[in-house]
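Here is the structure we will look at, set down as C-alpha cells.
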There are 2 protein chains.
Amino acid sequence: MDREIPKLAKKIKLADVAEAVGVSAITVSRVLRKPELVSESVRLRVTEAVARLGYVPDPAARALASARTDVLGVLIPSVTNNVFSSVLRGIYNRVEGLPFNIQLGNTRYSVLEEERLLDVFLRQRPSGLIVSGIDQSARSKALLRQADCPIVQIMEIGDDPVDMMVGLSHRDAAGAAIRHLQARGYRRIAFLGARMDPRTRSRLVGYEQVMKEIGLLDERLIVTTPRASTVTLGCELLIELLSRTTEVDAVFCNNDDLAIGVLFECQRRRISVPDDFGICGFNDLEMMAVANPPLTSVRTNREEMGRRAIEMLIARIAGEPIDEPVVDLGFEIVARHSTAGLRPREARRRP
Amino acid sequence: MDREIPKLAKKIKLADVAEAVGVSAITVSRVLRKPELVSESVRLRVTEAVARLGYVPDPAARALASARTDVLGVLIPSVTNNVFSSVLRGIYNRVEGLPFNIQLGNTRYSVLEEERLLDVFLRQRPSGLIVSGIDQSARSKALLRQADCPIVQIMEIGDDPVDMMVGLSHRDAAGAAIRHLQARGYRRIAFLGARMDPRTRSRLVGYEQVMKEIGLLDERLIVTTPRASTVTLGCELLIELLSRTTEVDAVFCNNDDLAIGVLFECQRRRISVPDDFGICGFNDLEMMAVANPPLTSVRTNREEMGRRAIEMLIARIAGEPIDEPVVDLGFEIVARHSTAGLRPREARRRP
DNA sequence: TTGTAAGCGTTATCAT
DNA sequence: ATGATAACGCTTACAA
C-alpha cells in the first residue's frame, strides 16, 4: 500500500492525551465515557486536549477491554427488496446522532448464511441486534438466546419472541385485503405469490382462511413460485393464472411489484381495471398511488418498524424496562381505484 | 440482560486450544493463519482440537494485535435507491466464500456523514474500502489518501483516482441516449432530473452538450429538482414540463422511476407513447422491459460494478499488481418501443 | 475524585 | 518448526 502521501502523524492514544494534560490515562477514559465522575476542571482540560490533539478511541482496544462494542447489528434477507430498504431507512434515521453504528448483514434468504452472520455478529459483542422474521432455524435461535445483548425480531410478530418483536400479522393483513375485495363485489379472487418466504406464506394462509370462510376458495386461483418477485413475474403469473381459468375477477398480489406487472399485462390485454378486474397489492410502495389506475394496496409501517426496533434496543441498553416486548404495528388497506368494484352490468372479464 | 437460558460454557480461547494440544498459543495461531509454517503432525492435532473445542478467534483481539481486520467497508449514499441495491448485490455475491465481511455505511447523500463514516471505518483498519462517486470532499479525499488500505471509487470514472475506480461516464451515457432519441426523429427532447447528485449533473452536462451540438438546446426543456426521485415525481415533473411548453416530443429521464411516472401520466393524459411522445429512462430497471409500452433505457452494469470493485480490492490485498486502475464498464442504450419514433403524419402531441 | 495494576485475546518479534 | 515475551490501546477492579 505505498502511497505518495506522507503517513499521518503517529496515532494519538489515551496515554498521549493523559500526558499532555498531566493526568492518568484512566481519567481521560472516564472523561470520555462517564464525565460526571470527573471534576469539572479536569474534565475541561481533558476535553480541550482531546480536541486539540485529535484523539479518537481505538474501537478494537475498546472492544477487547470492555467486551462491548457500539455496534447495532441488523440482519436482513435482501438488500434489493424495497421492503427492507424502507426498514433500513427507519433504522438509519433513528440511529442518527446516537453513539452507535449500524452493521448490516445480508442473509440472502439463506438459513446457513443467517447462522454464519449471527455467529460473526455476536462474536463482536454488539450492543444490540435486529433480525428479520420470526422463523429462525433452531441453531440461530439458540445463538440468539445465548446472546448477551437485546434483540428485536422485526417484520412479523408471534407468540414466542427471542427477546422483543415489532411487526405485524401478515395473515391478518392479507385476510383484510381479501375482505376488502369481497366487499367491493369481487368473488373469484386469485392469489399471486413469489419468493414464498415465511411472510408470503402467512399471507397465503390469511387468504385461504378468508376465502374458505366466504365459501370461495378454489385452488386453481392460487399461483405461486419460489422465484423472487419482480414486475416481470407479475406479468407472467397473471398469464399463468388466466391460462388456468378465465373465471377470475380480481387478484391479490403478494407484493406491489407483482401488482404493477399485473397492471401492465392487463393494459396490454385490454382488461379493464377495475371494471372487469380488481387488483390489490401489498406494501403500498410509493408508485401505487400514481399508477394508472391507482392501485389498492396494504400499507405496512416499514420505516416505523425500523425506528421502533432501534428505540426498543436503546431503551434496553439504557436499562429501561420494556412494557410491551411484542409490538404490533398493524396495517391499513389503502383502497384506490383498482378495486372500485366490477362494472355494474356483467361481472365477467372480456376475453 | 438476564435470560433464562444458561450462559455459554466459558469462551474458548487460543490458550485453551494450545493447552489441550500441548503446544504454545502462537503455534495454534499459526495453524489458523499460516498453516504452511507448521509441521503436519502438529497442524492436524491443532485443527482437530479447534474443531472439537469449537474455538473461534476474537476479532477485537485480532484487530488490536495485528492492526488489521477482515472488514471491507462500503460507503453508499442511499440504501433505498435501486441503483445501489444492485451494486450491493454484486458486492455481496462476489465476496461470498471469501474471508471478508462487508461493512456497509449509509452516507445519505451527506458530505458530513460521509466524512464521519470514513473516519469510523478507517479507524477500524479495514482490509479495503469502496466509496461511491468521485466527488468526495477535500477532507474525505485527504482521509482516503492517508488510508493504508486499497480503495475503489465506484459509479463514476474520472482522471484523478484516489486509488482505483470502476464505473462509467454518465455524461457520455446521457449523450448517447439523446443521440438515440434524435436518430429516432425526436427533436424537442426534454430533460427531467431529480436529486441532482454529481452523476445526475454529469448526465445533464451530456444532455446539454449533445442538444447544443445538434442545435436543439432550449432551457425550458430542462426540469430539475433536488428532491429524491420517485415515480410520483416523474408525474409531477412531466406536468411541470408541459405547463412550460407543449412543444415537446420526447423526454430523457434521469432515471427509470421518473420514466415510469412519466409513462403513467402520459397514459392518463392520453398522450400516445411513442407516437406522440418518446420516453427514455436511465438504469434499465427490470420493469422497463414489461411496461406498456416497454420503455427504452440506458443499461449500466451495476452488479458487475460491485463485483469488479471487490475483485480489485482482493487483488490488491493479495499484493497483485493492478494493470488498469480505472475501469470503464460502459453502458448500453436498450432501445424499446417507447422511442420507436413519432407517428409519421404529424410530429406534435395532441393537447 | 483520581490513580495503580492487571488484564482483555491475539499477533509480532526475536530466539532457539 | 516452535516458543517466550512483549506489545496492541483500552477498561475493570480495586485502592487511595
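The chains referred to below are lettered A, B, ... by the order of the sequence lines, with proteins before strands, and numbering in each begins at 1.
Looking at residues two or more places apart in sequence or on another chain, you find a side-chain contact (heavy atoms from CB on, under 4.5 Å) between A/L44 and A/E40. B/R199 is linked by a salt bridge (charged side-chain N to carboxylate O under 4.0 Å, His left out) to B/E156, counting only residues two or more places apart in sequence or in another chain. Partners of A/R45 by salt bridge (charged side-chain N to carboxylate O under 4.0 Å, His left out), not counting sequence neighbours: none found. Taking the salt bridge (charged side-chain N to carboxylate O under 4.0 Å, His left out) definition, one finds that B/R30 meets it with nothing, sequence neighbours left out. The salt bridge (charged side-chain N to carboxylate O under 4.0 Å, His left out) search around B/D323 returns none, not counting sequence neighbours.
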Considering only distance and modelled atom types, tabulate donor-acceptor pairs under 3.5 Å from the side chains of residues 57-65 of chain A, sequence neighbours left out.
{"from": "A/D58", "atom 1": "OD1", "to": "A/A60", "atom 2": "N", "distance (Å)": "2.7"}
{"from": "A/D58", "atom 1": "OD1", "to": "A/A61", "atom 2": "N", "distance (Å)": "3.2"}
{"from": "A/D58", "atom 1": "OD2", "to": "A/K11", "atom 2": "NZ", "distance (Å)": "3.1"}
{"from": "A/D58", "atom 1": "OD2", "to": "B/R125", "atom 2": "NH2", "distance (Å)": "2.5"}

Counting only pairs under 3.5 Å, give me each side-chain donor-acceptor contact of residues 76-83 of chain B, with atom names and distances, residues two or more places apart or in other chains.
{"from": "B/S78", "atom 1": "OG", "to": "B/T80", "atom 2": "N", "distance (Å)": "3.0"}
{"from": "B/S78", "atom 1": "OG", "to": "B/N81", "atom 2": "N", "distance (Å)": "3.0"}
{"from": "B/T80", "atom 1": "OG1", "to": "A/R89", "atom 2": "NE", "distance (Å)": "3.2"}
{"from": "B/N81", "atom 1": "OD1", "to": "B/V83", "atom 2": "N", "distance (Å)": "2.8"}
{"from": "B/N81", "atom 1": "ND2", "to": "B/Y109", "atom 2": "OH", "distance (Å)": "3.4"}

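At D/dC10, none of the side-chain N or O atoms of A/R62 fall inside 4.0 Å of OP1 or OP2 (strictly under the cut-off). Contact check, A/S66 against D/dC10: no side-chain N or O comes under 4.0 Å of OP1 or OP2.
Under the 4.0 Å criterion applied to side-chain N and carboxylate O atoms, B/E48 and B/R52 are assigned as salt-bridge partners.
Taking atom CG of residue A/L37 and atom P of nucleotide C/dT2, one finds them 10 Å apart after rounding to whole Å. Between the C1' atom of D/dA1 and the CD atom of B/E36 lies a distance of 12 Å, rounded to the nearest Å. Put simply, NZ on B/K11 is 6 Å from P on C/dG9, counting in whole angstrom units. When rounded to the nearest whole Å, the span between CD of B/E19 and P of C/dG9 equals 14 Å. When the C1' atom of C/dG9 is taken as reference, atom CZ of A/R123 falls 13 Å away, rounded to whole Å. When rounded to the nearest whole Å, the span between CZ of B/R125 and P of D/dG9 equals 7 Å. A straight line from NZ of B/K34 to P of C/dT11 spans 10 Å, rounded to a whole angstrom. The distance between atom CG of A/L14 and atom P of D/dC10, rounded to the nearest whole Å, is 5 Å.
Counting heavy atoms from C-beta on, the side chains of B/L14 and B/Y55 come closer than 4.5 Å.
In the helix from C/dT1-D/dA16 to C/dT16-D/dA1, the terminal helix axes, each the rotation mapping four pairs' C1' atoms onto the next four within five end pairs, subtend 30°, rounded to 10°.
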Set out, line by line, the N/O atom pairs under 3.5 Å between protein and nucleotides 3-6 of chain C.
{"from": "C/dG3", "atom 1": "OP2", "to": "A/S24", "atom 2": "N", "distance (Å)": "3.1"}
{"from": "C/dG3", "atom 1": "OP2", "to": "A/S24", "atom 2": "OG", "distance (Å)": "3.1"}
{"from": "C/dG3", "atom 1": "OP2", "to": "A/T27", "atom 2": "OG1", "distance (Å)": "2.6"}
{"from": "C/dG3", "atom 1": "N7", "to": "A/R30", "atom 2": "NH1", "distance (Å)": "3.3"}
{"from": "C/dG3", "atom 1": "O6", "to": "A/R30", "atom 2": "NH2", "distance (Å)": "2.5"}

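Listed by first and then second residue, the side-chain hydrogen bond (donor to acceptor under 3.5 Å, both in side chains) pairs that reach into residues 128-143 of chain B are B/E115-B/S137, B/Q136-B/Q153, B/S137-B/S140, sequence neighbours excluded. Counting only residues at least two apart or in different chains, salt bridge (charged side-chain N to carboxylate O under 4.0 Å, His left out) contacts with residues 96-112 of chain B comprise A/E96-B/R108, A/R108-B/E96.
Nearest to the side-chain atoms of B/R33 among the listed nucleotides C/dA12, D/dG9, C/dG9 stands C/dA12.
Residues from residues 42-61 of chain B placing a heavy atom under 4.0 Å of any atom in DNA chain D, listed by number, are B/V42.
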